[in-house]
Protein chains: 2
Amino acid sequence: MRMKSTQHYQVRAEIAKAIAHPSRLLILDVLRNRSLCVGELTQLVGADQSTVSKHLTILKKVGLVTCHKRGLTMTYRLECSCLTRFFDCLESVLVSNLKKQESGVRG
Amino acid sequence: MRMKSTQHYQVRAEIAKAIAHPSRLLILDVLRNRSLCVGELTQLVGADQSTVSKHLTILKKVGLVTCHKRGLTMTYRLECSCLTRFFDCLESVLVSNLKKQESGVRG
DNA sequence: GTCATGTATGGCTATATTACCATATTGCCA
DNA sequence: TGGCAATATGGTAATATAGCCATACATGAC
């Protein structure tokens, strides 16, 4: 197997990092249902509007969401349907951890 | 849709955070092929042995890898096959970004 | 034009993360 | 037992991240 470059992993880690935050995870999750504007997302996240705006900027930067303006409101849209696989993976890890706990394996 | 708790996203973000680092992404990637010991992983990552050890601790903590000792060496093993879906998702985002770039969409 | 609303940005502080070095721990072997 | 090899842990400094407040920017209404 040929070694992948540092760049290779840096680019992918950048995307993963964008996902890896509770508020951003929430945002991505709710956007799976339907597109929402900043105000609605701010309500759902329960943080300062500026904070949510910054989270959205991070998600947009790596291409996970896109946005378009309609009048005053900026609507954010989930750009990658594959995200379901990401969430599935997280669930799978949690389930696996639970199973291990149940069967008495530690650490 | 009922709102998921803050806890819900925190737990999942914890796992995502563990994945979201270039070195740890590399580690997870190579472990998909076969289990490796700390020394081998240290070589591949190209960082200090203690640094790699700490990365492995982080991965172990969230249940992405397990380890077992055989003599002096500690062998790390990928615990969740679902990780492929995670990697697929990252690729998918990158491909999607490239397509957008090509079609002249900016920002 | 002014005003109000929705969103983004700058500035700042608090906290988290990362990496390295030094050192402790563990287990094998002479 | 002493010494060596593989790995883990503690400490510390540099950097990154996250949150809030204040404020700038953009758009539509008047």
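Atom set for the values below is all heavy atoms of this structure, side chains included, hydrogens, waters and symmetry mates excluded. In the text below, chain A, chain B and the rest are named by the order of the sequence lines, each starting its count at 1.
Residue B:Thr73 is classed as a sugar-phosphate contact, given heavy-atom separations below 4.0 Å to backbone atoms only. The residue A:Thr42 sits apart from the nucleic acid: no heavy atom pair falls under 4.0 Å.
To the nearest angstrom, C1' of C:dT18 lies 13 Å from CD1 of B:Ile27. Taking atom CE of A:Met74 as the reference point, atom C1' of C:dT5 lies 14 Å away to the nearest angstrom.
Residue B:Tyr76 has its side chain nearest to D:dA8 when only D:dA8, C:dT7, C:dC21 are considered. Comparing atom distances between the B:Leu72 side chain and each of C:dC28, D:dG19, C:dC20 picks out C:dC28 as nearest. Distance from the side chain of A:Arg24 is smallest for D:dA18 among the nucleotides C:dT9, C:dC20, D:dA18. Between D:dA8, C:dA19, C:dC21, one nucleotide has an atom nearer to the side chain of B:Ser23 than all others, and that is C:dA19.
Each of A:Lys54 and B:Cys37 was assigned the nucleotide of DNA chain D with the nearest heavy atom; the assignment lying further toward the 5' end belongs to B:Cys37.
B:Asn97 contributes a side-chain N or O that, together with a main-chain N or O of A:Val62, makes up a donor-acceptor pair within less than 3.5 Å. Between the B:Arg24 side chain and the B:Ala18 main chain, a donor and an acceptor come within less than 3.5 Å of each other.
A donor-acceptor contact under 3.5 angstrom links the side-chain atoms of B:Gln49 to the base of D:dA8. Below the 3.5 angstrom threshold, one finds no donor paired with an acceptor across the side chain of A:Lys69 and the base of D:dG28.
At D:dA6, none of the side-chain N or O atoms of B:Arg70 fall inside 4.0 Å of OP1 or OP2 (strictly under the cut-off). Using a 4.0 Å cut-off, no side-chain N or O of B:Thr51 falls inside it from OP1 or OP2 of C:dA19. The phosphate of C:dT17 (OP1 or OP2) has a side-chain N or O of B:Lys17 nearer than 4.0 angstrom. An OP1 or OP2 oxygen of D:dA16 is reached within less than 4.0 angstrom by no side-chain nitrogen or oxygen of A:His21. Listed pair B:Ser50 / C:dC20 fails the phosphate criterion, with no side-chain N or O lying under 4.0 Å from OP1 or OP2. Residue A:His55 has a polar side-chain atom (N or O) positioned under 4.0 Å from OP1 or OP2 of D:dG19.
Taking 4.5 Å as the limit, some side-chain heavy atom of B:Leu64 sits within range of a side-chain heavy atom of B:Ile19.
Salt bridge status for A:Asp29 with A:Arg32: present, with a side-chain N to carboxylate O gap under 4.0 Å.
Rounding to the nearest 0.5 Å gives a distance of 5.0 Å between CZ of B:Arg12 and CG of A:Leu94.
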